[in-house]
A.B. asks: 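My questions all concern the structure below.
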Amino acid sequence: MPLETAFIAAEERLDLTVHGRLDLSLTQSMTDLLRETPQDLRTCVIDLTGVEQSFASGLALLWLLDERFSRRGVRILVFTDDQHLLQQLPTAMHHASLKRAQEWLL
């Protein structure tokens with residue numbers, strides 16, 4: 001599964017893990033996620049360490065997620081060690097906090 005999700009109700013947190021390609025193929029999964037996410041969500045953690053290739057369409061989906069969640073006051077944390085994504089994500093997800101995966105584990 002290219003997109004794994006886990007909602008931790010006790011922490012009001014959603015964990016998203018992307019594997020393989022970050023592209024248009026995730027559209028339906030992201031749309032479903034935005035529609036079905038509980039209203040009491042406070043934090044979304046996005047793990048992009050499993051992304052092998054990223055495309056503009058995938059960054060656009062992350063932008064959409066960032067916009068929708070930030071309007072609801074959801075704190076977004078993203079981590080990856082991919083240099084290309086670290087350069088591109090601040091533009092796509094200007095409400096998110098970005099971390100290198102190595103820093104996240106410290």
A.B. asks: Against Ser70, only a single residue in His95, Arg75, His94 fulfils side-chain hydrogen bond (donor to acceptor under 3.5 Å, both in side chains); can you say which?
C.D. replies: His95
A.B. asks: Between Ala92 and Leu59, which heavy-atom pair has the shortest distance, and what is it?
C.D. replies: CB-O, 3.8 Å
A.B. asks: Give the minimum heavy-atom separation between Leu26 and Arg21, together with the two atoms involved.
C.D. replies: CD1-O, 3.9 Å
A.B. asks: With side chain to side chain contact (heavy atoms under 4.5 Å, CB included) as the criterion, how do Thr91 and Trp63 come out once you've worked through the C-alpha distance, each side chain's angles and the decisive distance to 0.1 Å?
C.D. replies: CA-CA 8 Å; Thr91 302; Trp63 174 84; over 6 Å; no
A.B. asks: So do His84 and Ser54 actually touch side chain to side chain, heavy atoms under 4.5 Å?
C.D. replies: yes
A.B. asks: I need the minimum non-hydrogen distance between Glu12 and Phe7, along with the two atoms involved.
C.D. replies: C-CE1, 4.1 Å
A.B. asks: Is the shortest heavy-atom distance from the side chain of Arg100 to the side chain of Leu86 under 4.5 Å?
C.D. replies: yes
A.B. asks: Which atoms form the tightest heavy-atom contact between Arg42 and Arg72, and what is the distance?
C.D. replies: NH1-O, 4.0 Å
A.B. asks: Looking at Asp32, Leu22, Val18, which one forms a side-chain contact (heavy atoms from CB on, under 4.5 Å) with Leu3?
C.D. replies: Val18
A.B. asks: Applying a strict under-4.5 Å side-chain criterion to I, L, V, M, F, W and Y, I'd like to know whether Leu34 and Leu41 cluster together.
C.D. replies: yes
A.B. asks: Mind checking the OG1-CD1 spacing from Thr43 to Ile8? Nearest 0.5 Å is all I need.
C.D. replies: 10.0 Å
A.B. asks: Considering only heavy atoms from C-beta outward, does the side chain of Val78 approach that of Leu89 to under 4.5 Å?
C.D. replies: yes
A.B. asks: Kindly give the heavy-atom pair with the smallest separation between Thr27 and Leu24, and that separation in Å.
C.D. replies: OG1-O, 2.6 Å
A.B. asks: Work out which heavy atom in Leu61 is nearest to a heavy atom in Asp23; give both atom names and the distance.
C.D. replies: CD1-O, 3.4 Å
A.B. asks: Supply the atom-to-atom distance Phe79 CZ to Thr17 OG1, rounded to the nearest 0.5 angstrom.
C.D. replies: 7.0 Å
A.B. asks: Hey, could you give me the CZ/CG distance between Phe69 and Leu14, rounded to the nearest 0.5 Å?
C.D. replies: 5.5 Å
A.B. asks: First locate atom CG of Leu64, then atom OG1 of Thr31, and finally report the distance between them rounded to the nearest 0.5 Å.
C.D. replies: 7.0 Å
A.B. asks: Rounded to the nearest 0.5 Å, what's the gap from CG on Asp82 to CD on Gln88? Could you check?
C.D. replies: 10.0 Å
A.B. asks: Among Ile76, Leu65, Leu48, Leu62, which one satisfies side-chain contact (heavy atoms from CB on, under 4.5 Å) with Leu16?
C.D. replies: Leu65
A.B. asks: More than 12 non-hydrogen atoms from neighbouring residues, nucleotides or ligands closer than 6.0 Å to CZ on Arg68, yes or no?
C.D. replies: no
